[in-house]
Amino acid sequence: MTTVQYATFEVADQLFGLEVGRVQEVLSFSEYTPVPHAPAHVGGLFNLRGQVIAALDLRVRLGLPPTDLSDGAMNVIVRTEDEWVSLLVDRIGDVVELDDNSAEPPPDTLTGPVRNLIVATFPLADRLMLALDARAAVQAG
Amino acid sequence: MNEFEDIVQEFLVESYENLDQLDRDLIALEQEPTARDRLASIFRTIHTIKGTSGFLAFHRLEEVTHAGESLLARLRDGTQVLDRRSTDVLLLMIDVVRELLGEIERTGKEGEVEIKAVVDEVHACMTGEPPADADASPDAAVEDAPVADAPAAVAEPTQEPAPVEAAAEPVATVAEPVAEPAAAPAPAAPAADSAADPAEMESTSKRGVADSSIRVDVDLLDKLMRLVGELVLTRNQMVRAAEAANEQTLTRTAQRLNIITSELQENVMKTRMQPIKNLWSKLPRVVRDLSKACGREVELVMEGAETELDRSLLEAVKDPLTHLVRNAVDHGVEPPEEREAAGKSRTGTLLLRAYHEHGQVIVEVTDDGAGIEPAKVGATAVKRGVITEGQLAAMDTDEILKLVFRPGFSTAQKVSNVSGRGVGMDVVRTNLEAIGGAVDLKSVPGKGTTWRLTIPLTLAIVQALIVENGGKRYVIPQMAVHELVYVDSQSGGKVEYVSGAPVYRLRGKLLPLIRLTNALGGEAVGPDQDIYVAVLKGDGHQFGLVVDRVLNTEEVVVKPLAARFKDVGSYAGATILGDGEVALILDVSSLARRSHLGAVERAAAKVAGNDDDRWADDSRDRLLITRVVDRRVAIPLSMVTRLEEFPVSAVERVGSREVVQYRGRILPVLRLAQLLGAWSEDDRETLSTIVYTDGGHSVALAVDGILDIVEDAGPRSGLNDNGLNGSTVIHEKVTELLDMRQAILAADSSFFSHDDEQHSSPYLLES
């Protein structure tokens with residue numbers, strides 16, 4: 001039995017998880033530089049210890065109105081092959097250790113924008129956690 | 001002159017290398033005086049230096065080496081045997097040579113280096129005379145030539161070089177003031193360096209050429225560059241903090257940090273520089289093979305091969321440059337027979353030229369081939385669906401030529417395996433723009449074509465102007481900034497409009513303006529006065545960028561934007577400002593491109609130059625060429641007061657006439673299409689008009705577009721129609737000449753009667 005640790009967070013009351021290995025860090029940040037002409041899901045840019053990081057708004061990716069950045073937002077910094085990207089989320093949850101075998105395919109009822117971002121679902125004690133596909137989540141478009 | 005310096009530089013490097021070998025050879029030879037091959041090698045080295053110095057007109061050097069050569073010839077031929085004395089003399093000679101080289105390296109001239117003593121010494125040695133000064137004691141030598149007799153001192157290595165140093169020092173100081181502190185301690189510690197050669201010590205800082213170059217891992221340099229980038233950032237923060245703290249010691253330290261960082265940065269940047277010849281070296285072969293394959297005769301000429309640029313940029317321009325060279329051979333230079341027929345030499349010339357200009361590197365690829373026919377380019381572009389006929393009609397020659405950079409365009413008559421592989425000029429352009437560069441072309445049919453690549457010196461750090469707009473700061477690379485203008489209402493400055501596009505009258509010329517807010521997608525229309533305008537140059541246009549505030553200039557580290565922002569196109573990157581906030585770096589060329597400045601610019605430039613002498617009796621009347629549906633209609637520029645654009649929704653009616661409200665008055669509008677009987681399918685939202693004002697009255701003539709302004713029409717044809725004054729050919733297109741009087745009357749039948757009332761002159765206008 002192999003277990004995987006997931007960092008969890010909420011977007012629009014839905015619990016999501018990312019493999020811990022993918023997550024660089026989690027931080028709250030309030031100063032974003034907007035990027036006019038950029039795709040709608042780009043919340044802005046910010047400075048993380050000398051690196052320019054793009055914050056992608058998961059709400060927009062899920063087809064919801066954009067996150068209000070004016071009084072700070074929670075960033076999940078994700079490491080991908082060629083860059084660090086931040087995912088803007090509503091709230092940070094716990095790190096949970098889950099058994100690989102308990103993973104279920106995304107339910108057929110799951111449609112819309114969110115479907116493409118989900119690799120699996122995990123039924124937790126009281127709710128369902130959707131495991132995000134890190135690469136899909138940070139991809140352009 | 002640069003080329004000469006290059007040759008000298010090469011000569012120095014080579015000579016230093018050879019001299020080092022020579023020292024070793026001579027020492028070895030002393031142990032084994034009959035080793036012919038060594039002697040021959042020494043002879044060759046000295047001979048080479050002699051030859052080159054003669055060629056470069058370094059006469060002292062030539063004289064010394066000539067003397068040395070004579071002695072060496074005797075030794076080589078066995079006429080004389082190498083002994084202690086001749087070895088000393090030769091070493092002495094070599095040191096003088098070294099000193100001379102050092103002087104040349106520092107000052108470019110031989111200076112006052114003393115050579116007579118050593119030449120005499122050599123001659124004495126050959127003729128077997130006793131040394132000039134008794135036993136050739138070093139002390140005597142010093143006395144004998146007190147000026148800067150380095151050789152004597154070195155001939156006897158145990159001798160303290162101190163006096164030599166002292167004498168030579170002032171020369172070095174003049175040449176290299178910055179490095180002096182480092183060199184100064186040398187005389188103070190002669191013992192430690194007693195064996196060192198004085199020339200070496202004097203020029204530690206500058207000597208660089210010969211034996212102070214080492215191989216360094218490129219990754220390490222890249223890392224250094226990144227770190228320096230971060231240091232620059234920290235420096236900026238530090239300087240800002242120091243200013244805020246207003247504490248003397250801290251301020252001083254910050255200033256020093258500032259200076260040191262700048263110097264460090266500059267030098268680290270230099271480590272990454274490579275001459276463009278590294279790139280060019282492969283091209284002769286490319287040209288040779290290709291001209292053979294295509295049946296061309298091409299001579300490749302290179303100028304400025306030593307021009308340096310950052311190695312990452314060198315890499316980035318490799319493919320575009322190769323493509324341009326291939327293209328020039330394949331499509332530019334004609335086959336020999338064709339060239340002969342055209343009265344040119346059979347052999348075409350392909351000139352590669354690189355040079356620095358305004359902190360950028362310019363690389364030109366010029367051929368003296370057939371040139372590019374704008375008409376052909378235009379036709380191809382239309383055929384390939386790159387543009388429409390209508391768009392083509394509105395373009396001038398330059399714009400038409402630039403169509404070759406559009407995606408989906410290739411002028412190749414047939415697809416060859418050389419440059420017609422779908423990799424068009426648009427790829428060249430894209431590659432260059434990706435590194436903040438640009439490509440442009442000039443072509444004269446029958447004469448040839450020049451492709452001009454503009455490449456930034458480095459990517460990593462740029463001097464930048466920080467502006468504020470909409471509460472956010474933006475960075476403009478200083479390279480693109482020509483000047484800053486404050487449009488002051490008190491001195492009467494304000495934004496004006498030509499064809500609805502904002503312009504500013506800068507020293508009598510109309511400068512097209514772009515409001516940053518609008519350029520970034522904002523809708524707001526800003527004020528027309530008391531605004532800041534940054535005069536920028538990009539994409540071949542000069543324009544003014546209207547911003548809320550101009551803050552300061554600082555060096556910024558360019559952080560490339562992730563791929564996701566590449567399509568956005570408005571930004572050259574991002575950076576972190578002194579206070580840690582991220583700011584976007586504007587891509588000036590892209591701003592210019594997006595704002596379609598070409599047409600406005602042309603109209604504006606000419607209007608500005610002419611509206612003051614409107615009534616001047618200029619026989620070479622200038623014509624404003626407009627488009628009316630699909631016809632070209634010319635209007636005397638003297639009859640154009642202003643170009644205005646109105647929203648179609650602003651058009652109101654008075655009876656059967658169309659009017660707009662303009663500056664508090666009613667302005668009658670006449671659609672020229674109606675007057676000329678052209679059928680217009682007009683679904684546009686704005687109306688381009690030519691406003692003519694006289695005696696306080698104005699009329700507006702609506703056209704479908706402003707095309708050009710030309711000097712002097714050619715011969716006129718009487719071929720006429722209603723509303724016209726004849727026709728002529730302009731730029732190979734039939735252009736109708738508008739009967740301005742009739743048009744004005746059609747717009748306002750009482751126009752000239754107002755005039756009568758006010759001026760009591762019967763007719764101002766004779767048609």
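First the proteins, then the strands, lettered A, B, ... as listed; each starts at 1. The figures here come from the full heavy-atom set of this structure, side chains too, leaving out hydrogens, waters and symmetry mates.
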Original post:
Would you call A:D133-A:R22 a salt bridge at under 4.0 Å N-O?
Top reply: no

**OP:** Heavy-atom distances under 4.5 Å only: say whether A:V85 touches chain B with side chain, backbone, both or neither.
**Re:** side chain

Please set out all donor-acceptor pairs under 3.5 angstrom arising from side-chain atoms of residues 545-553 of chain B, sequence neighbours excluded.
unit_1: B:D548; atom_1: OD2; unit_2: B:G470; atom_2: N; d: 2.8
unit_1: B:R549; atom_1: NH1; unit_2: B:E468; atom_2: OE1; d: 3.4
unit_1: B:N552; atom_1: ND2; unit_2: B:E554; atom_2: OE1; d: 3.3

Original post:
Would you say the side chains of A:D90 and A:T67 form a donor-acceptor pair under 3.5 Å?
Top reply: no

**OP:** Verify, without hydrogens or angle tests, whether A:N75 (side chain) and A:I77 (backbone) share a donor-acceptor contact under 3.5 angstrom.
**Re:** no

Subject >> side chain to side chain donor-acceptor pair (under 3.5 Å) between A:T3 and A:D100, worked out >> reply: CA-CA 6 Å; A:T3 60; A:D100 247 0; over 6 Å; no

**OP:** May I ask you to list the residues in residues 23-33 of chain A that approach chain B closer than 4.5 angstrom, counting heavy atoms only, ordered by number?
**Re:** A:E31, A:Y32, A:T33

Subject >> Under 4.5 Å from a heavy atom of chain B, the part of A:I53 involved >> reply: neither

Original post:
Between the side chain of A:R79 and the main-chain N/O of A:G21, is any donor-acceptor distance below 3.5 Å?
Top reply: yes

Original post:
Does the pair B:K223 and B:D217 meet the rule for a salt bridge (charged side-chain N to carboxylate O under 4.0 Å, His left out), with working shown?
Top reply: CA-CA 10 Å; B:K223 191 172 173 192; B:D217 187 357; over 6 Å; no

